[in-house]
Amino acid sequence: MTPSDTGDLTTNPFDDGQDGFHEECGVFGVWGHPDAAALTALGLHALQHRGQEASGIVALGPQGFRAHKGMGLVGDIFGDAKVIAGLPGRAAIGHNRYATTGETAIRNVQPLYADFVFGGLAVAHNGNLTNAMSLRRQLVRRGCLFQSSTDSEVFVHLIAISLYSTVLDRLIDALKQVDGAYSLVGLHDGALIGVRDPLGVRPLVLGRLGTAESNAWVLASETCALDIVGAEFVRDVEPGEIVVIDGDGVRSVKPFGHTANRFCIFEYIYFSRPDSVVEGTPVYETRKRIGAELARESGVAADVVVPVPDSGVPAAMGYAAEADVPFELGIIRNHYVGRTFIEPTDNIRHLGVKLKHSANRAVLEGKRVILVDDSIVRGTTSKKIVEMVRQAGATEVHMRISSPPTTHSCFYGIDTPEREKLMAAQHSVEEMARIIGADSLAFISLDGLYRALGRKGRDASDPGYCDACFTGDYAIPLTDLLGHPERKPALLALNGA
Ligand code: AMP
């Protein structure tokens, strides 16, 4: 083990000099299909938007578990048929990882695999554990040897040291000790397992793939990954539910009793793919409804509605239809460069925005433009785009955002910078408008967002969604943050606004 590896083992993610957590992931699993690994690679393709840094597949065949992992995009890692041929078996799980900076080592690429007294177990995790550092310290003191710096590895050690005998009981024992957001898929030689945390913050769906040669089950972060393999959507895995899939079918276990639902509202706004249906609600339609609400709340006279592609497109369509203003593609996105957030420093991120978007002068010249985007995080994108649109000859630029102001960091699995870097945490809406150079700026209200999701507004006693990034209402304890004295002022600030 190198000295830097040793350092990583005790690294506190809050003190890594980076922008907090960087885990946004996609998970996929198949049970009972002769092409399990190939299907998993396809599923990971459909989930590529959830993580572009690394991918891995673990398959279970007659000769046991085989794994293949790599850094980069799914197509680069699993594009070679020989790689898939080296992962035989009727069951497999896979993982896409998104990590912008910091620890990008191959040892962190999931699925994680370990040999236990009961046999092998592979685990893939989407989400973030909020007491991972505290658990890790305790586990290291007890002699556990961590192989990666991911929070997900605590699951492996908690399962290993559990005094229960069955895999399921050990898993439940482990789950009861962790705080945080998690959708997990696990594979051992007896079953494929899917788990959602008690509040169901991150998504996980169950699908069925009946073919001539198989009657397979599929688990995936989003329904778009079921569609790509031709699987039929069965249902969402419920908050706090464990599904155990084996030769006898699907068994449901609910070790946490009744739990409240706090599904991540940002999945609807930005993160999930628009063709996915999450928690029974189509993402695309929801984004259009958010756009329509936004038009009702903050309409302004204009000649054209222009989305910031791609994530602003459905909301801009909804806005344009409601406002009865023509929808035009005034900004063209280059699809061959990565997401803005992949750039590691502010300076390069700046350049990245220019690489990614170009103004379509024919649509913008001499026009009063409403620009629609899904969120303002640091403000880099909006500032650049507004400038670009003005340079292309727009006479007025009105920015409309299909989320409320992002005032708080996410600790449950969406990559957001520390609070000091969130533009809306530091500035009023008027100040933000001035900084990004827009003639006006408006965000959808919190109640408007909930109306777009079919509610009357936000019910503070039971919101039904996790909206901590807009409200600071953190439903899962931020144990590591609280337990770290020098971070306490930051936490007070987080909760204070
Ligand atoms: P910023 O330039 O920092 O204000 O970022 C805002 C842009 O980043 C918007 O266009 C969003 O579509 C996009 N965005 C928002 N949240 C995320 C995220 N967690 N990961 C990657 N991109 C994001």
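The shown structure was predicted, so the numbers you read here are calculated from the model rather than taken from an experiment. Counting convention: from 1, in listed order, for ligands and their atoms alike.
- Each of the following atoms of ligand 1 lies closer than 4.0 Å to a heavy atom of G379: 1 (P), 3 (O), 4 (O).
- One side chain, S55 or N96, offers a donor N or O that lies under 3.5 Å from an acceptor on the other.
- Among residues two or more places apart in sequence or in another chain, the side chain to side chain contact (heavy atoms under 4.5 Å, CB included) test is passed with I435 by K383, M423, H427.
- For F271, no heavy-atom contact with ligand 1 is shorter than 4.0 Å.
- Under a 4.0 Å criterion applied to the non-hydrogen atoms of I414, ligand 1 contributes the atoms 19 (N).
- Counting heavy atoms closer than 4.0 Å to ligand 1, residue E24 contributes side-chain atoms (C-beta onward) but none from N, CA, C or O.
- Judged by distance alone, the side chains of D480 and S134 do bring a donor and an acceptor atom under 3.5 Å apart.
- A salt bridge is absent between R390 and E387; no separation between the charged side-chain nitrogens and carboxylate oxygens falls under 4.0 Å.
- In the vicinity of S311, heavy-atom distances shorter than 4.0 Å reach the ligand 1 atoms 12 (O).
- Not one N or O of S382 is nearer than 3.5 Å to an N or O of ligand 1, by distance alone.
- When the options R97, Q110, H95 are evaluated for a side chain to side chain donor-acceptor pair (under 3.5 Å) with S152, the one that passes is Q110.
- When only modelled atom types and interatomic distance are considered, Y450 and D467 share a side-chain donor-acceptor pair under 3.5 Å.
- Against a heavy-atom cut-off of under 4.0 Å, V377 is close to the following atoms of ligand 1: 1 (P), 3 (O), 4 (O), 5 (O), 6 (C), 15 (C), 16 (N).
- Heavy-atom contacts of D415 reach the following atoms of ligand 1: 18 (C), 19 (N) (cutoff under 4.0 Å).
- Atoms of ligand 1 lying under 4.0 Å from at least one heavy atom of T380, given by number and element, are 1 (P), 2 (O), 4 (O).
- Nearest residue to atom 11 (C) of ligand 1 from D374, T416, D310, L422 is D374 (criterion: closest heavy atom).
- Side-chain N/O atoms of N334 and S358 include no donor and acceptor closer than 3.5 Å.
- Listed by atom number, the atoms of ligand 1 under 4.0 Å from Y98 heavy atoms are 20 (N), 21 (C).
- Near F266, the atoms of ligand 1 lying under 4.0 angstrom from a non-hydrogen atom of the residue are 16 (N).
- Relative to the ring axis of Y319, R400 does not place its NZ or CZ within 45° and under 6.0 Å from the centre.
- E297 and S445 are linked by a side-chain donor-acceptor pair at a separation below 3.5 angstrom, with hydrogens and angles left out of the test.
- Of the candidates D373, V308, I385, I376, it is D373 that places a heavy atom closest to atom 10 (O) of ligand 1.
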